[in-house]
Amino acid sequence: MEMTATKHNERTDSIDVDMDKIRHSIQEATKDIEGIDAGELEVQAELYFKDSLSMQDATQTLIRMAVDKIDIDAPNWSFVAARLFLEDLYEKVSGFQGYLPLKKYLELGESKGRIVRGFKEKFDLDLLDKAIERKRDLQFNYLGIKTLYDRYLLKDEYNHPIELPQHMFMAIAMFLAQNEAKPNEKALEFYGVLSRFEMMCATPTLSNARTPNHQLSSCYVGSTPDNIEGIFDSYKDMALLSKYGGGIGWDFSQVRCLGSYIDGHKSASAG
């Protein structure tokens, strides 16, 4: 279907909008979700694309429409928005091919400098690839998948996503299992609990496991010695830990108090 679009400079152009594709996306996004009327979104989409078509991507428009429908009386629109978001994410990462083979994903991440080299060789990638369950992506509501995309999924130097949720969970599981006696078995176990949302890692692990940044802990406790070198080295340590998501608790009890002596000078310490 050919639609007429108005750009910001008031110039009118023609754009081909495939309404059949849009209807298919809506049907897939609303399939088997309780309390959702696909026809409601279809009618709204048809009116919007007929009367007020912008140059923005049609999928982004559908996502916003679904998000606007989320209500205390209709919470399941959040899952519709999540499915539409996932469709767009699949297209960005692999061009609607869905999940690429695990080996190809890992090699791509290595080539971009976003996945650390050396740990994938410890695993049977064909075995692990067969265990990946794409349908578990449907567990996400909109806030969940949007947060995952914004904060945790790996992106290249142009901020283009190169990772999908189940690949992320598997790569984290592999990274955590790489030194186990039976790494494949443990990776499958870790992947299972992560991908089924039975347990979720803290932010530093989700962000850094599988990457060249090996900081996996959430919280750190440090101590500052009573000298100028130690004080400013402590500030550097705090900054580096915070950079990759660590929470800081710091002991300053060794630093002399306000008004103490420094090199024999009374009341010289600022505390």
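Computed from a predicted structure; not experimentally measured. Hydrogens, waters and symmetry mates are skipped; everything else that's a heavy atom, side chains included, is used.
Follow the hydrophobic side-chain contacts under 4.5 Å out from Met199 and you reach Ile172 in the same cluster. No chain of hydrophobic side-chain contacts below 4.5 Å, direct or via other Ile, Leu, Val, Met, Phe, Trp or Tyr residues, connects Met170 to Leu100. Residues Leu241 and Phe232 are members of one and the same hydrophobic cluster, defined by side-chain heavy-atom contacts under 4.5 angstrom among Ile, Leu, Val, Met, Phe, Trp and Tyr. Val193 is not connected to Leu138 by any chain of hydrophobic side-chain contacts under 4.5 Å among Ile, Leu, Val, Met, Phe, Trp and Tyr, and they are in different clusters. A single hydrophobic cluster is seen to contain both Met200 and Leu176, as judged by linkage of ILVMFWY side chains at heavy-atom distances under 4.5 Å, directly or through other members.
In this structure, Glu91 and Thr59 have side chains that are not in contact, with every pair of non-hydrogen atoms separated by 4.5 Å or more. Residues Lys120 and Ile115 have side chains not in contact (no heavy-atom distance under 4.5 Å, counting atoms from C-beta outward). Counting only heavy atoms from C-beta outward, the side chains of Tyr105 and Val93 never approach each other to under 4.5 Å. Residues Met174 and Tyr191 have side chains not in contact (no heavy-atom distance under 4.5 Å, counting atoms from C-beta outward).
A donor-acceptor pair is defined here as one N or O able to donate and one able to accept, closer than 3.5 Å; no such pair exists between the side chain of Ser242 and the backbone of Ala239. A donor-acceptor pair under 3.5 Å links the side-chain atoms of Gln178 to the main chain of Phe175, judged by distance alone.
For Glu28, there are no salt bridge (charged side-chain N to carboxylate O under 4.0 Å, His left out) partners at least two apart in sequence or on another chain. Asp150 meets the salt bridge (charged side-chain N to carboxylate O under 4.0 Å, His left out) test with Lys146; sequence neighbours excluded. Legend: residues meeting side chain to side chain contact (heavy atoms under 4.5 Å, CB included) with Ile33, ordered by chain and number and at least two apart, are Ile36, Asn76, Phe79, Val80, Arg83. Judged as a side chain to side chain donor-acceptor pair (under 3.5 Å), and not counting sequence neighbours, the contacts of Glu189 are Lys186. Shown here are the side chain to side chain donor-acceptor pair (under 3.5 Å) partners of Tyr99, two or more places apart in sequence or in another chain: Asp137. Take Glu198 and apply the side chain to side chain donor-acceptor pair (under 3.5 Å) test, not counting sequence neighbours, and it matches Arg196. Ser78 is linked by a side chain to side chain donor-acceptor pair (under 3.5 Å) to nothing, counting only residues two or more places apart in sequence or in another chain.
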Test side-chain contact (heavy atoms from CB on, under 4.5 Å) on Arg114 and Leu108; report intermediate values, then the result.
CA-CA 9 Å; Arg114 302 296 287 119; Leu108 174 62; over 6 Å; no
Does the side-chain contact (heavy atoms from CB on, under 4.5 Å) test come out yes or no for Gln60 and Ile63, once each step is laid out?
CA-CA 5 Å; Gln60 294 300 318; Ile63 293 170; 4.2 Å; yes
Could you walk me through whether Leu89 and Leu164 pass the side-chain contact (heavy atoms from CB on, under 4.5 Å) test, one step at a time?
CA-CA 8 Å; Leu89 179 60; Leu164 294 173; 3.6 Å; yes
Ser25/Glu87 under side-chain hydrogen bond (donor to acceptor under 3.5 Å, both in side chains): CA gap, chis, key distance, verdict:
CA-CA 8 Å; Ser25 294; Glu87 179 185 356; 2.9 Å; yes
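The minimum heavy-atom distance between Ala81 and Tyr142, with the atom names listed, is CB-CD1, 3.7 Å. Nearest heavy-atom pair across Asn227 and Gly230 is OD1-N, 2.6 Å. The two atoms that bring Leu86 and Ile145 nearest to each other are CD2-CD1, 3.7 Å, heavy atoms only. Here the closest heavy-atom approach between residue Met65 and residue Gln44 is recorded as CG-NE2, 3.7 Å. Closest of all the heavy-atom pairs between Ile162 and Gly109 is CD1-CA, 4.2 Å. Across all their heavy atoms, Leu153 and Tyr149 have their closest contact at CD1-CA, 4.0 Å.
Within a 6.0 Å radius of NE2 in His214, more than 12 heavy atoms belonging to other residues, nucleotides or ligands are found. No more than 12 heavy atoms of other residues, nucleotides or ligands sit less than 6.0 Å from atom NZ of Lys31.
For residues 169-182, the set of pairs meeting the salt bridge (charged side-chain N to carboxylate O under 4.0 Å, His left out) definition, not counting sequence neighbours, is empty. For residues 33-45, the salt bridge (charged side-chain N to carboxylate O under 4.0 Å, His left out) pairs, not counting sequence neighbours, are Glu40-Lys69. Among residue pairs with one or both ends in residues 229-241, those qualifying as side chain to side chain donor-acceptor pair (under 3.5 Å) are Thr224-Ser234; sequence neighbours excluded.
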Side-chain donor/acceptor pairs under 3.5 Å, residues 124-133, sequence neighbours excluded:
unit_1, atom_1, unit_2, atom_2, d
Asp124, OD1, Asp126, N, 3.3
Asp124, OD1, Leu127, N, 3.1
Asp129, OD1, Leu102, N, 3.1

Donor-acceptor list for residues 202-211 side chains, cut-off 3.5 Å, not counting sequence neighbours:
unit_1, atom_1, unit_2, atom_2, d
Thr203, OG1, Tyr152, OH, 2.6
Thr205, OG1, Leu216, O, 2.8
Ser207, OG, Thr203, O, 3.1
Asn208, ND2, Pro204, O, 3.2
Asn208, ND2, Gln215, O, 2.7
Asn208, ND2, Tyr244, O, 3.1
Arg210, NE, Glu163, OE2, 2.9
Arg210, NH1, Leu206, O, 2.6
Arg210, NH2, Tyr152, O, 3.0
Arg210, NH2, Glu163, OE1, 3.2
Arg210, NH2, Leu206, O, 3.3
Thr211, OG1, Asn208, O, 2.7
Thr211, OG1, Asn213, N, 3.1
Thr211, OG1, Asn213, O, 3.3

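At a threshold of 4.0 Å, the pair Asp68-Arg64 does not count as salt-bridged, since none of the basic side-chain nitrogens sits closer than that to a carboxylate oxygen.
Outside the 6.0 Å centre-distance limit, the rings of Phe140 and Phe85 are not counted as a close aromatic pair.
One finds the CG atom of Leu194 at 9.5 Å from the CD atom of Gln166 (value rounded to the nearest 0.5 Å). Between Met238 atom CE and Ile248 atom CD1 the span is 7.0 Å, to the nearest 0.5 Å. Atom OG of Ser195 and atom CZ of Arg134 lie 15.0 Å apart (nearest 0.5 Å).
Arg136 forms no cation-pi arrangement with Phe169, by the criterion of a distance under 6.0 Å to the ring centre and an angle within 45° of the ring axis.
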